[in-house]
Amino acid sequence: MRAPTSYQAAFAQFAQGLPAAERALREQAFASFAAAGFPDDSAERWHYTDLNKLAPQNVQLPATLGAPALDELLLPGCESRVWLNGRAQQAAAGGEMPSGAGDALVQLNRAFALPGLQLQLAAGEQRAQPLHALLLTQAQAPGEMHHLAHRIALARGSRATVLLHSAGLPGAASFSSHQLDLDLAEQAQLTLICLQQEGEQAAQLLQTRARIGRDAQLRLINLDFGGQLIRKDWQLQLAEAGAQLEVHGLFAAQQRVHLDNQYEVEHAAPHTSSRQLLRGLGSGRSKSILNDRVLVRPGAFKTDSEQRLANLILERGAEINAKPELEIYADDVKCAHGNSCGQLDERAVFYLRSRGVPEAQARALLTYSFADAVLAQLPIAALRLRLAQTLTRQLGAELDFEDLT
Amino acid sequence: MTTLLDIQDLHARVQDKDILKGLNLTVNAGTVHAIMGPNGAGKSTLSKVLAGAADYEVTGGRVLLAGKDLLALNPEARAAAGVFMGFQYPVEIPGVSNMMFLKAAVNAQRKQRGEPELEAADFLAWVRHRVKQMKMDPAMLSRGVNEGFSGGEKKRNEILQMLVLEPKLMVLDETDSGLDIDALRIVAEGINAMRSPERATVLVTHYQRLLDYVQPDHVHVLAGGRIIKSGGPELARELEEKGYGWLQAA
Ligand SMILES: Nc1ncnc2c1ncn2[C@@H]1O[C@H](COP(=O)(O)OP(=O)(O)O)[C@@H](O)[C@H]1O
Ligand SMILES: [Mg+2]
């Protein structure tokens with residue numbers, strides 16, 4: 001399958017102003033993408049998400065966006081950086097253009113991507129304040145697209161908390177792609193919150209590759225609340241002994257959202273551990289996919305992994321396909337997994353009602369508390385509160401959060 | 001004396017099985033009634049029907065609460081009207097703290113009755129006082145509802161909820177089972193603290209034990225879906241001695 005012609009036109013326009021050296025690299029990347037086209041559903045990983053059918057076919061470069069009001073999106077106590085339709089609103093630390101192998105989506109991103117969040121910490125550097133990278137989209141015309149490349153590299157013993165936050169304002173249909181590279185050297189610690197609140201007509205592709213070094217720790221909190229077509233790939237590698245990974249995931253898929261999260265956790269060294277708690281809520285006619293693969297490489301003895309998937313179907317038209325997968329090629333490992341998909345416990349609903357809580361509120365409270373197992377992990381209190389309110393608004397109920405925070 | 005609860009010829013079924021088969025019971029304000037009876041007699045079914053559980057279908061009869069049709073109300077409206085059922089098997093709700101649960105319940109009831117919400121600080125003091133009364137650890141308030149509680153702790157939590165909600169009609173389904181003697185005394189004190197001329201209590205129990213601490217005014221035997229015998233406190237002692245066989249045979 002080849003890339004749609006509108007991508008060719010957009011690229012020709014984009015490439016015009018580029019310096020020659022960069023242009024050659026971009027052209028190579030685009031040629032690879034154009035030759036391969038979007039992956040189709042013949043590949044297992046793309047079984048549920050055929051981008052040839054789902055991704056926008058008519059795209060164009062984005063208009064420059066005037067400064068929208070950001071107060072409601074920014075967070076107190078965080079250092080913020082803002083991108084509007086893929087353009088940095090502050091002096092950008094220009095990352096190096098990556099080149100080389102990668103699938104068609106990597107190549108598409110490389111052809112067009114501007115620098116996104118580029119964070120590099122020196123050895124031992126501790127960032128006290130969370131860094132809030134706000135990626136805001138508001139398409140003026142249908143099919144406006146932008147692409148960003150993000151990189152977070154933590155040298156030995158450094159620490160940071162980062163909120164990578166994509167949000168959409170009401171507007172036309174948009175398309176964005178993001179490459180995210182994470183590199184944690186020995187004993188580095190990163191808490192990464194990846195919050196997706198795209199608009200109702202937004203398509204977003206995110207591909208993340210993480211390398212977790214010796215005794216380093218990655219805590220990932222992946223939250224999906226919006227969008228129309230969302231596909232996220234997570235390749236998380238425990239590369240050296242003592243590496244640790246914790247993933248908390250939550251999605252609330254509504255209306256006609258198509259939401260696909262593909263996790264691949266690779267234990268490539270001995271004495272590594274991964275814990276995953278992934279939860280989801282499906283309502284409306286949404287379709288959610290959650291694939292969670294843990295791979296234990298030969299030699300990765302004393303691997304300790306746990307996968308806990310639990311999802312709730314809130315409305316009958318919603319669909320959730322969740323699957324934990326485990327492939328073990330090493331001895332002496334401990335791997336646990338669980339996967340449940342169901343409705344609310346009707347006995348609990350009745351218990352609440354028998355105490356005077358109206359049915360709708362009882363359901364909202366139970367649903368909320370199910371989701372809160374993930375939200376409670378957020379290290380930024382103001383964000384937790386805001387998302388608690390977002391979620392209850394989605395659930396159509398009023399709850400009191402005084403006792404939560 | 002005013003009649004608080006009036007059950008007339010009540011028939012109910014669960015999963016196409018008739019359980020209650022013409023049950024009559026009148027409970028006046030200010031009184032305590034004990035309902036005893038063999039396993040499977042329908043005691044929990046009666047409790048659940050009064051609370052409004054959906055899986056129990058009423059197929060005949062009437063239930064009036066202070067003269068109003070109770071069966072026409074949904075469970076939350078019954079609670080707001082003053083009905084409280086103590087569950088034989090209280091439900092665990094991980095993730096919803098006891099405090100959140102109590103606050104949601106009290107404010108929801110007040111809202112349904114058109115009363116203003118309580119001030120948070122006042123409410124906290126109100127709850128803490130009752131936690132102490134039940135000799136529970138205040139830290140339980142931030143734990144999930146009944147999450148990881150022992151059988152006895154769950155029953156105490158039922159009484160705590162009752163003390164906080166201050167209902168008019170209390171239907172306590174085997175609140176005494178699974179309690180050691182100290183816990184039984186604390187639970188009994190909680191029940192006695194709620195006795196008042198405007199309120200009434202229906203105690204469903206297997207044993208005389210609880211009735212040593214909470215003196216009933218009336219004792220009934222429920223068997224085969226009906227009240228087959230009623231009497232005073234002495235009936236409970238007689239049942240303790242002789243069991244139910246002599247009544248059912250008669
Ligand atoms: N939810 C239910 N589903 C099926 N059968 C039930 C259910 N609840 C009660 N029953 C049946 O109804 C009868 C009465 O039960 P119950 O009211 O619990 O008795 P008691 O509380 O007096 O021991 C029993 O035969 C029991 O098996
Ligand atoms: Mg029973």
Side-chain angles (χ1 to χ4, degrees), chain A residues 248 250 252 277-281 308 310-312 314 338 340 342-378 384-385 387-389 391-392 395-405, chain B residues 47-48 50-56 73-87 89-113 117-118 120-121 123-124 127 141-142 144-147 157-158 161-162 164-165 167 171:
Chain A
H248 285 92
L250 174 69
L277 179 75
L278 306 175
R279 295 197 161 182
L281 305 172
R308 299 275 166 227
N311 296 291
L312 284 181
L314 299 178
S340 70
Q343 279 104 39
L344 289 174
D345 179 358
E346 288 302 321
R347 292 170 320 136
V349 174
F350 177 64
Y351 194 50
L352 278 157
R353 295 181 72 189
S354 79
R355 298 300 182 246
V357 180
E359 182 173 3
Q361 200 191 336
R363 290 185 184 281
L365 183 61
L366 292 170
T367 307
Y368 175 78
S369 61
F370 174 81
D372 190 56
V374 171
L375 296 184
Q377 300 298 321
L378 287 168
R384 180 179 173 198
L385 187 63
L387 293 178
Q389 285 160 346
L391 186 59
T392 44
L395 297 170
E398 277 173 57
L399 296 175
D400 184 353
F401 295 102
E402 249 159 63
D403 312 303
L404 282 177
T405 43
Chain B
S47 309
K48 293 268 176 78
L50 293 177
D55 35 353
Y56 296 81
L73 304 179
N74 62 28
E76 50 269 38
R78 295 183 196 196
V83 176
F84 178 93
M85 185 201 28
F87 283 61
Y89 302 108
V91 181
E92 295 195 21
I93 314 182
V96 178
S97 75
N98 284 289
M99 191 63 198
M100 231 175 147
F101 181 81
L102 290 169
K103 197 188 256 180
V106 167
N107 282 330
Q109 289 199 16
R110 294 182 70 92
K111 194 169 176 183
Q112 289 183 67
R113 292 194 293 257
E117 286 203 352
L118 291 172
F123 182 68
L124 187 63
V127 171
L141 288 172
S142 50
V145 176
N146 293 321
E147 190 180 359
N157 199 13
E158 294 294 288
Q161 292 168 25
M162 182 179 88
V164 169
L165 292 166
V171 181

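We name chains A, B, ... by the order of the sequence lines, and we start the count at 1 in each one.
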> Counting only heavy atoms closer than 4.5 Å, note whether B:V106 contacts chain A via side chain, backbone, both or neither.
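Neither part, no heavy atoms under 4.5 Å.
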
> Between the side chains of B:Q161 and A:Y351, does any donor sit under 3.5 Å from an acceptor?
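A pair is found: one side chain offers a donor N or O, the other an acceptor, under 3.5 Å apart.
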
> Is there any residue in residues 342-349 of chain A with a non-hydrogen atom under 4.5 Å from a non-hydrogen atom of chain B, and which ones are they?
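The residues closer than 4.5 Å to chain B, in numerical order, are A:D345, A:R347, A:A348.
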
> Do B:E76 and A:L352 have side-chain heavy atoms sitting under 4.5 Å apart?
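Result no, sub-4.5 Å side-chain heavy-atom pair not found.
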
> Grab the two heavy atoms, one from B:F87 and one from A:S354, that are nearest each other, plus how far apart they are.
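So the two residues come closest at CE1-OG, 3.4 Å.
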
> Taking all non-hydrogen atoms of both residues, which atom of A:S369 and which atom of B:V96 are closest, and how far apart?
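Between these two residues, the closest heavy atoms are OG-CG2, 3.4 Å.
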
> Apply the test side chain to side chain contact (heavy atoms under 4.5 Å, CB included) to residues B:N74 and A:R353: give CA-CA distance (whole Å), side-chain angles for both, the deciding distance (0.1 Å), then the verdict.
CA-CA 9 Å; B:N74 62 28; A:R353 295 181 72 189; 3.7 Å; yes

> Could you report the tightest heavy-atom contact between A:R355 and B:M85, atom names first, then the distance?
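Heavy-atom minimum between the residues: NH1-O, 2.8 Å.
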
> Could you look at B:P167 and say if it's the side chain, the backbone, both or neither that has a heavy atom under 4.5 Å from chain A?
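B:P167 has no heavy atom closer than 4.5 Å to chain A.
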
> Does any heavy atom of chain A fall under 4.5 Å from the side chain of B:N98, the backbone, both, or neither of them?
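No part of B:N98 comes within 4.5 Å of chain A.
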
> For A:R279, check salt bridge (Lys or Arg N to Asp or Glu O under 4.0 Å) against everything at least two apart and list the hits.
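For A:R279, no residue satisfies salt bridge (Lys or Arg N to Asp or Glu O under 4.0 Å) once neighbours in sequence are set aside.
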
> Does the B:Q112 side chain pair with the main chain of A:G356, one donor and one acceptor, at a distance under 3.5 Å?
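Checked: pair present.
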
> Where do A:L365 and B:A104 come nearest, in terms of heavy atoms and distance?
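Smallest heavy-atom distance, with atoms named: CD2-CB, 4.5 Å.
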
